[in-house]
Amino acid sequence: MAERYWQEEIETASREQIRQWQSERLVKTVKHVYDNVELYRKRMDEAGVKPEDIKSVDDLSKLPFTYKQDLRDAYPYGLFAVPQKDVVRLHASSGTTGKQIVVGYTKNDLDVWDDIAARQLYAVGADENDYIHVSYGYGLFTGGFGLHGGAGKIGATAIPVSSGNTERQVTILEDFGSTVLCCTPSYAMYIGETVRKRGIDPKKLPLKAGIFGAEPWTEGMRRQIEELLDIKAYDVYGLTEIMGPCVSYECSEQTGMHVNEDHFIIETINPETGEVLPYGEVGELVFTCITKECCPFIRYRTRDIGIITADKCSCGRTFVKMSKPMGRSDDMMIIRGVNVFPSQIETVLIKMGYSANYKIYVDRVNNTDTLEVHVEMNEDMFSDTVADIKANEAKLEAELRSLLGIGADVKLVAPGSIERSMGKAVRVVDKRKLIGG
Ligand code: ADP
Ligand code: ZN
């Protein structure tokens with residue numbers, strides 16, 4: 001099938017052209033925030049940078065960073081760069097990591113958002129003939145409205161189911177003929193399991209693709225979802241602070257997400273020193289909005305850890321790609337001095353033939369960190385003897401030890417016993433935090 005683009009001239013523009021857009025738009029945005037947002041004026045003055053000093057993207061690193069704390073301090077509207085009469089929508093982060101933050105959008109901001117969501121939908125092969133089933137939550141969370149807006153833009157039929165009521169999700173998949181499912185990957189798993197439990201053959205459903213994001217997920221989990229639902233599963237990345245879903249979007253190659261560079265400049269930095277890293281190195285992702293009117297944050301520190309690549313992509317898009325973020329720096333667990341991401345554990349579990357239904361418990365006993373992983377047995381293991389189960393636990397423990405470099409206690413639990421998620425899954429319970437350790 002020939003590749004289709006929502007905005008071909010932009011998505012396949014030359015690198016020089018993209019650079020030129022970025023430079024022009026950065027210059028304009030910096031002036032806009034300097035003139036209209038007190039915090040930016042103050043920070044830039046302190047750093048001795050004037051808007052005139054920013055002439056092209058080469059000058060980006062002269063600008064100070066913006067942190068999540070700045071948004072919290074400015075709660076709710078302190079960083080808005082336009083008057084209230086121009087703000088047509090508010091959203092707020094889902095508050096996964098603390099006090100929620102609020103962002104606003106002008107008409108034009110929403111139009112840009114719809115366009116980038118439309119790019120994602122075209123990239124997964126959708127157009128006006130499709131039914132876009134949106135099971136991200138609708139509300140202050142950006143998930144639902146993001147993909148919904150994209151569906152409207154391309155003239156597809158949006159089905160705004162929102163999250164929850166999983167049985168009904170499945171009925172709608174069957175009866176309404178959904179062709180593209182949009183939700184978190186953990187919810188996609190749950191929906192897929194429910195489809196199977198109802199005895200529905202996914203091959204008979206018209207569903208062909210899924211757009212899954214808003215939380216970390218591994219390649220192993222991607223394969224499980226693709227198999228469960230008999231679809232192609234695509235990754236999508238975004239965050240409230242920058243726009244919502246579709247800041248970057250995956251294409252047919254499925255090897256990372258193209259960043260919408262005509263609207264956002266991406267950098268990776270060393271999170272300790274703030275130094276900008278070359279493409280290909282792991283670092284914290286930093287975004288600068290260059291077309292937004294209401295909340296054009298400059299050098300926003302996402303705390304997400306990832307890699308940027310500029311390799312030629314077989315889909316023809318010329319935007320750089322970012323890897324699946326391995327998680328937020330906040331998600332990283334330090335266990336007995338070793339850094340561990342839940343996604344590393346997930347990779348091991350799936351490689352060993354388990355599902356992505358697991359939960360991690362971290363605690364401190366006698367001044368030593370403990371790591372316990374609960375994972376569901378497969379149906380066929382359920383009838384195994386206690387000795388067999390113990391042996392399987394030991395096998396997983398050995399594999400985790402060799403991959404993570406630290407020991408973990410594995411407990412195999414009954415199929416279906418780990419709580420399913422309809423939004424962002426909570427994978428880790430860190431009891432050390434509860435006792436302030
Ligand atoms: P909250 O910070 O309250 O969860 P958001 O909904 O804005 O609010 O979440 C954005 C965050 O979700 C990102 O910073 C990132 O950590 C995570 N995220 C979004 N998309 C992905 C993805 N495709 N892969 C991994 N993590 C993602
Ligand atoms: Zn591509």
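Start at 1 with the first residue, then count along the sequence. Indexing begins at 1, ligand by ligand and atom by atom, following the structure's order. Values below: every heavy atom of this structure, side chains too, minus hydrogens, waters and symmetry copies.
Counting heavy atoms under 4.0 Å from ligand 1, residue D304 touches it through the side chain alone. Contacts of V236 with ligand 1, taken as heavy-atom pairs under 4.0 Å, involve the backbone alone.
Under 3.5 Å, the side chains of E241 and Y300 contain a donor-acceptor pair of N or O atoms. With hydrogens and angles left out, the side-chain atoms of E16 and Q20 include no donor and acceptor closer than 3.5 Å. Between the side chains of T370 and Y361, not a single donor N or O lies within less than 3.5 Å of an accepting N or O.
The shortest separation from a heavy atom of K324 to ligand 1 is not under 4.0 Å, leaving the residue out of contact. Not close to ligand 1: F212, with no non-hydrogen atom less than 4.0 angstrom away. Within the structure, the closest approach of E250 to ligand 1 does not fall below 4.0 Å when heavy atoms are considered. For Q100, the closest heavy-atom approach to ligand 1 does not fall below 4.0 Å.
Here the closest non-hydrogen pair linking F319 and N260 is CE1-OD1, 3.8 Å.
Although no hydrogens or angles enter the test, the distance criterion places no donor-acceptor pair under 3.5 Å between the side chain of E8 and the main chain of Y5.
With the Zn ion (ligand 2) as the vertex, atom SG of C315 and atom SG of C313 span an angle of 110° (nearest 10 degrees).
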